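This one's a predicted model, so the numbers in the text were calculated from it and none came from an experiment.
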Amino acid sequence: MKKFVAVLLAAMLCLSFAACGGEKTTDKTVDTAAMFKALLNDVTYTDNATELDGSMAGVLLGDELPEGTEAYLAANDSAYLRCAVFACKDKDAAAAVKALIQSYIDESIDAKYNVDEVALLQKAKIHTMGRYVAVAVTDDTDNANKVIDRYFV
């Protein structure tokens, strides 16, 4: 009987450890408009960041967004991306948006046409959670990460 209780307790302990592990939830709904406004207003940019119409995302990033993607973005006067938040229809679409942003960053760095912009792009981190994607191109990366974490955690 003691062995049975010991095995039962060990099994329960293993199951409790398994229940605590894993990834953070990705079915959370994110208020992308509020997140974008927080990135735009609460993060410092070296130059201005002006909100663009979401339909401009494909033009700015160099390719069309996946169907059903909602985009919020801001750029400076030279049309350099400053911040963006995307709500996609699913994880696959979010992965495509992340790849599109990464391509924009890589191509802009390779062009090396603006040393200050290259330095900012090298610091940029693309954040994803489930079907959502966010990025901020700024020297104020700690504050940008805090804003994004408020919505993605």
- Task: Might you work through the side-chain contact (heavy atoms from CB on, under 4.5 Å) test for Asp149 and Lys146, ending with a clear yes or no?
- Result: CA-CA 5 Å; Asp149 287 347; Lys146 286 178 187 174; 5.7 Å; no
Residue pair [X] / [Y]: nearest heavy atoms and the distance that separates them:
X      : Y      : result
Val133 : Ala94  : CG2-O, 3.5 Å
Tyr132 : Thr29  : OH-CA, 3.6 Å
Ala74  : Phe36  : N-CE1, 3.8 Å
Leu39  : Ala144 : CD2-O, 4.0 Å

Under 4.5 Å between any side-chain heavy atoms of [X] and [Y], yes or no?
X      : Y      : result
Tyr45  : Asn76  : no
Leu60  : Leu81  : yes
Ile101 : Phe86  : yes
Phe152 : Met35  : yes
Asn145 : His127 : yes
Val30  : Val85  : no
Met129 : Tyr151 : no

Return the [atom1] to [atom2] distance between [X] and [Y], rounded to the nearest 0.5 Å.
X      : Y      : atom1 : atom2 : answer
Thr138 : Asp47  : OG1   : CG    : 9.0 Å
Gln102 : Ile105 : CD    : CD1   : 5.0 Å
Tyr104 : Ile126 : OH    : CD1   : 11.5 Å
Glu51  : Leu40  : CD    : CG    : 6.5 Å
Met56  : Leu73  : CE    : CG    : 8.5 Å

- Is it true that atom CD of Glu64 has more than 12 heavy atoms of other residues, nucleotides or ligands lying nearer than 6.0 Å?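 Check fails, neighbour count at 12 or below.
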Using residues 114-123 as the side-chain source, report each donor-acceptor pair under 3.5 Å to any protein atom, sequence neighbours left out, with the distance given to one decimal.
{"from": "Asn114", "atom 1": "OD1", "to": "Asp116", "atom 2": "N", "distance (Å)": "3.0"}
{"from": "Asn114", "atom 1": "OD1", "to": "Glu117", "atom 2": "N", "distance (Å)": "2.9"}
{"from": "Glu117", "atom 1": "OE1", "to": "Arg82", "atom 2": "NH1", "distance (Å)": "3.4"}
{"from": "Glu117", "atom 1": "OE1", "to": "Arg82", "atom 2": "NH2", "distance (Å)": "2.6"}
{"from": "Glu117", "atom 1": "OE2", "to": "Arg82", "atom 2": "NH1", "distance (Å)": "3.2"}
{"from": "Lys123", "atom 1": "NZ", "to": "Asp139", "atom 2": "OD1", "distance (Å)": "2.5"}

- Message: Tell me every residue that passes ring-ring contact (aromatic ring centres under 6.0 Å, His included) with Tyr80, counting only those two or more places apart in sequence or in another chain.
- Response: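 With sequence neighbours excluded, Tyr80 shows a ring-ring contact (aromatic ring centres under 6.0 Å, His included) to Tyr113, given in chain and number order.
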- Message: Treating Arg131 as the side-chain partner and Lys89 as the backbone partner, does any N or O pair qualify as donor plus acceptor under 3.5 Å?
- Response: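 Flag not set: sc Arg131 to bb Lys89 has no pair under 3.5 Å.
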- Would you confirm whether Ser103, through its side chain, and Ala99, through its main-chain N or O, come within 3.5 Å as a donor-acceptor pair?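 Pair absent, no side-chain N/O of Ser103 close to backbone of Ala99.
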- Going by atom types only, do Asp53 and Ser55 share a side-chain donor-acceptor pair under 3.5 Å?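 Yes, Ser55 and Asp53 have a side-chain donor paired with an acceptor closer than 3.5 Å.
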- Message: For a quick check under 3.5 Å, do Asp77 and Asn48 share a side-chain donor-acceptor pair by atom type?
- Response: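 Their side chains do contain a donor-acceptor pair, which is all the 3.5 Å distance test asks for.
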- Who pairs with Thr141 by side chain to side chain donor-acceptor pair (under 3.5 Å), at least two apart in sequence or on another chain?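 Scan of Thr141 (side chain to side chain donor-acceptor pair (under 3.5 Å), adjacent residues dropped) gives none.
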